Participant: 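Handing you a structure now.
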2 protein chains.
Amino acid sequence: MTTQREIARRAKTSLKTVSRVINRDPLVNAETRARIEAIIAEIGYEPSQAARMMRSQRSNVIGFLADGVATSSSSIDLIRGAQDVAWERGKQMMLFNIERGTASAANADSQLAAFRAEAIIYAAVFHQEVDLPDTGVPHVLLNCFDVKQRHTAIVPDDYQLAYDLTLTIFERGYKRPVFLNLNSDIVASHLRAKGFADAAAAMGHDVSGAIHTAVVSRAGTTPRLATHDILPPLFVGDQQPDLVLCGQDTMAMNVYFELGELGRKVGRDIAVASFDNLEPIVSLLQPGLSTMELPYYEMGRTAMNLAIDGGEDRQVLRLKGKFIERASM
Amino acid sequence: MTTQREIARRAKTSLKTVSRVINRDPLVNAETRARIEAIIAEIGYEPSQAARMMRSQRSNVIGFLADGVATSSSSIDLIRGAQDVAWERGKQMMLFNIERGTASAANADSQLAAFRAEAIIYAAVFHQEVDLPDTGVPHVLLNCFDVKQRHTAIVPDDYQLAYDLTLTIFERGYKRPVFLNLNSDIVASHLRAKGFADAAAAMGHDVSGAIHTAVVSRAGTTPRLATHDILPPLFVGDQQPDLVLCGQDTMAMNVYFELGELGRKVGRDIAVASFDNLEPIVSLLQPGLSTMELPYYEMGRTAMNLAIDGGEDRQVLRLKGKFIERASM
DNA sequence: ATGAAAGCGCTAACAT
DNA sequence: ATGTTAGCGCTTTCAT
C-alpha cells in the first residue's frame with residue numbers, strides 16, 4: 001500500500017501537506033490540494049487506520065455487543081440504526097454477536113480493548129434488566145437497563161406503546177379486547193398491562209379480567225402452550241372477545257392457528273393486534289397483522305449518538321412506537 | 001492505557017521480553033514470564049492492535065460484507081459461522097451490512113481498505129450470480145458466485161438438497177408431490193427442479209407437470225399471489241396431491257393458509273415440506289414444518305477458513321443440507 | 001501556506 | 001535467555 005510519503009514525493013510537496021489535504025485542513029493552497037487529490041484518486045490511496053489510531057490516540061471505534069441477537073431477526077434493526085449513525089459520523093462500529101457470560105463475550109471485550117474502543121453499546125434481544133458493572137469504557141445499554149443505573153440506557157416505552165395501541169383499539173369501536181400478555185418476568189409485561197388498563201379506563205372501559213399471561217419463548221425457542229389453554233374458554237357464551245391483543249407477533253401467529261381451530265376467521269369474525277412488527281410474519285399472516293412496531297431502528301440510532309457524544313447523564317431513554325396497520329383489525 | 005514499556009519498567013526487564021511473553025515466545029525464563037504475566041493480569045493490559053498492525057504489517061482483519069443479509073434472519077447463520085472461525089483462528093472479523101451499489105458498500109470498502117483487510121467475504125441473501133470485479137484484496141463469495149469465476153465461492157448444493165429431500169418424500173410413501181418452485185430467475189430454482197425430477201425418476205415416479213413456478217419475494221418483500229392461483233385447481237378431481245413441496249418456508253406459511261381455505265388440514269389431509277429451516281416460522285406453524293435446512297452456518301465457517309488461508313483455487317464449493325423433521329410430513 | 005522533527009506502541013532484525 | 005535499535009505511517013508540535 002502506498003503511503004503519504006510516496007504521495008508527497010509524487011506531488012513534490014511535503015508529507016505534512018498531504019496529511020493536511022487528507023484531513024480537510026483548509027489552510028492549503030487550492031492548486032496544491034487539487035494536485036494531491038488527483039494523485040490520491042489515481043492510486044486509490046486510503047490512509048492507514050492503524051497509523052492514525054496510534055498517532056492520534058483516538059480509535060474512532062465504537063463496539064456493539066449484540067447479545068443473542070443472532071437468534072432474533074427483529075433486533076437487527078437495532079444494529080442497522082447504530083451502524084447508520086456510526087457511518088454518518090465517521091466512526092467505525094465493530095460488531096460482535098455474543099452470549100453474555102460465555103467466552104464469546106470475553107473475546108469481544110478483549111478485541112474491543114485491543115482496538116481501544118471509545119465506547120461500547122450493549123444490546124439485548126428483549127427489553128430486560130442487566131447487571132453490567134462499571135468498567136473503563138463508557139457503555140450504552142440498548143433494549144436493556146442496568147440494575148443500578150450505572151449506564152445510560154435506551155429502551156422501548158412499553159407502557160406508552162400499549163397505551164397508544166389500546167386507545168386505537170377502542171377508537172375503532174372494539175368493545176371486548178383480551179390481552180394475551182408476555183410472561184410476568186419479562187420487563188415489558190407489567191408496563192404493557194398497565195398501559196392497556198389505563199388506556200381502557202381513559203376510554204371508559206373496564207378490562208380487569210381481560211389480561212392473561214401466556215407462556216412465551218425467550219430468544220429462539222418455541223412458545224409452548226402459549227394460547228392453547230387460554231383461548232378456548234374465552235370463546236363460549238355471549239361475552240366473547242372481539243379482539244385478541246398479543247404480546248408479540250410470534251404469539252399472534254399461534255393465535256391465528258388457534259382461532260382457526262375455534263372456527264373463527266381473523267379479520268372477519270375476530271380482530272388480532274400485536275407488538276413487534278416482525279417480518280416476514282406480519283406480512284405473511286393472512287390477513288396481515290396490525291401491530292405496534294418497536295422502535296428498534298431509532299433506538300439503535302440514539303444509542304450510537306449517545307455512545308459517540310459520551311456525557312455523564314446515565315439517563316434512561318424511552319422511545320415510542322408506531323402503529324402499523326394491516327387487515328387483521 | 002498502559003504500554004509494554006511501562007510493564008517492562010515494573011517487571012525490571014526489557015521491552016522485548018514483555019513482547020515475548022505476550023506473543024507466547026517460548027524462549028523466556030519461566031520465572032520472568034510469571035512475573036510479567038502477573039503484572040499484565042493485574043493491570044488488565046491489552047496490546048494495542050493499532051501498533052501491532054502497523055509494525056507487523058499484518059492487519060489480521062477479515063471483512064464481511066453482508067449484502068441485504070440483515071433483512072433476512074436465516075442468513076445470520078452465515079455470519080455466525082464466519083465469526084466463530086475468525087475467533088477460533090485469532091482473526092478480527094469486521095462486519096458491514098451493505099446494499100450493493102449504494103454508498104453503504106463504498107463506505108465499507110473504504111473502511112476495510114483503511115484497516116488493510118487481508119481478505120473480504122461477500123455474502124448474499126439468497127443463492128445468486130454476481131459480477132464482482134477482481135480487486136486488490138482476495139474475495140470469497142458466500143451464497144453467491146461470480147459470473148466469470150474470478151473468486152472462490154461457497155454455495156448451497158441446491159440440486160442435491162432437492163434430490164435428497166425428494167428421495168425422503170418418496171421413501172415415506174408419498175405418491176403425488178407437487179413442487180411450488182421459486183421464480184425461474186432464481187439460481188436455486190432450476191437446480192432444485194432438476195434434483196426433484198431426477199430423484200423422482202430414480203424412485204420410478206414421473207413428476208412432469210408437478211412443478212409449478214410461484215412468484216416469491218426477494219429479501220424482505222412479501223410474496224404476492226404466490227400460491228393463491230396455483231393451489232385450488234390442483235385440489236379437485238381424483239388425482240390430488242398428497243404433499244406440497246415449497247421453495248421456501250415463507251411460501252410454506254402461505255400454503256398452510258391456502259390449504260386451510262381449501263378445507264385441508266396440514267399433517268392430516270395433506271403433507272407440506274420446504275427448504276430453509278427459518279425460525280421462528282418452522283416451529284410456530286402448526287403442525288411444525290419439515291424442511292431441508294440450508295447449510296448456512298457451515299457455509300459461513302468454510303468461507304472464513306478459505307478467506308484466512310487464501311489460496312488461488314477459485315473453486316466453487318457446494319455444501320449439502322440437513323433434513324429437519326417436524327410434524328407436517 | 002508549508003515544512004521538519006518527533007514520537008505514538010509495538011515487533012523484526014540483529015546483537016549479546 | 002535477554003536486550004538494543006530501528007522503523008512501521010501517520011499526526012502533533014513547533015518552526016518558517
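What you see is a predicted model; the values in this text were computed from it and never measured. Within every chain, numbering begins at 1; the chains are lettered A, B, ... in the order of the sequence lines, protein sequences first and strands thereafter.
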Participant: Within a strict 4.5 Å, meaning less than it, do heavy atoms of the A:His139 and A:Asp146 side chains meet?
Facilitator: no

Participant: Figure out the CZ/P separation between A:Arg9 and C:dT2, and round it to whole Å.
Facilitator: 20 Å

Participant: Using the C1' atoms of the five pairs at each end, what is the angle between the end axes of the helix from C:dA1-D:dT16 to C:dT16-D:dA1, to 10°?
Facilitator: 30°

Participant: Can B:Arg100 and B:Asp131 be counted as an ion pair, charged N to O under 4.0 angstrom?
Facilitator: no

Participant: Go through the structure and list residues passing side chain to side chain donor-acceptor pair (under 3.5 Å) with A:Ser56, not counting sequence neighbours.
Facilitator: none

Participant: For B:Gln49 and C:dG9, is the shortest distance between a side-chain N/O and OP1 or OP2 below 4.0 Å?
Facilitator: no

Participant: Evaluate the criterion salt bridge (charged side-chain N to carboxylate O under 4.0 Å, His left out) for residue pair A:Asp25 and A:Lys16; output intermediate values, then yes/no.
Facilitator: CA-CA 11 Å; A:Asp25 185 327; A:Lys16 180 59 209 176; 5.9 Å; no

Participant: State whether B:Arg55 places a side-chain N or O below 4.0 Å from either non-bridging phosphate oxygen (OP1 or OP2) of C:dA12.
Facilitator: no

Participant: Just the rounded figure in Å: distance from P of C:dC8 to CZ of A:Phe115.
Facilitator: 21 Å

Participant: Flag yes if more than 12 heavy atoms outside B:Glu129 fall under 6.0 Å of its CD atom; otherwise flag no.
Facilitator: yes

Participant: What is the distance, rounded to the nearest whole Å, between atom CZ of A:Arg116 and atom P of C:dC8?
Facilitator: 14 Å

Participant: Looking at residues 10-17 of chain B, who's got a heavy atom less than 4.0 Å off DNA chain C?
Facilitator: B:Leu15, B:Lys16

Participant: Does the B:Gln128 side chain pair with the main chain of B:Cys144, one donor and one acceptor, at a distance under 3.5 Å?
Facilitator: no

Participant: When you measure from the side chain of A:Ser104 to the backbone of A:Glu99, do you find a donor-acceptor pair of N or O atoms at a distance under 3.5 Å?
Facilitator: yes

Participant: Taking only residues two or more places apart in sequence, or in another chain, which ones meet A:Tyr122 in a ring pair (Phe, Tyr, Trp, His ring centres under 6.0 Å)?
Facilitator: none

Participant: With a cut-off of 6.0 Å (strictly less than), are more than 12 heavy atoms of other residues, nucleotides or ligands near CZ of A:Arg5?
Facilitator: no

Participant: Which whole-number value in Å describes the distance from B:Met53 CE to C:dC8 C1'?
Facilitator: 15 Å

Participant: Under 4.0 Å between a side-chain N or O of B:Arg52 and OP1 or OP2 of C:dC10?
Facilitator: no

Participant: What is the distance, rounded to the nearest whole Å, between atom CZ of A:Arg58 and atom P of C:dG9?
Facilitator: 16 Å

Participant: Should we say atom CD of A:Gln315 is surrounded by more than 12 heavy atoms from elsewhere, each under 6.0 Å from it?
Facilitator: yes

Participant: If you look at every strand shown and take non-hydrogen atoms under 4.0 Å, does A:Gln57 touch a base, only sugar-phosphate, or nothing?
Facilitator: sugar-phosphate

Participant: Write down the distance between CD (A:Gln4) and P (D:dC8), rounded to a whole number of angstrom.
Facilitator: 14 Å

Participant: Among residues 18-35 of chain B, which residues get a heavy atom nearer than 4.0 Å to DNA chain D?
Facilitator: B:Arg20, B:Leu27, B:Val28, B:Asn29, B:Thr32

Participant: Considering only residues two or more places apart or on different chains, which pairs with a residue in residues 30-45 of chain B satisfy side-chain hydrogen bond (donor to acceptor under 3.5 Å, both in side chains)?
Facilitator: B:Gln4-B:Tyr45

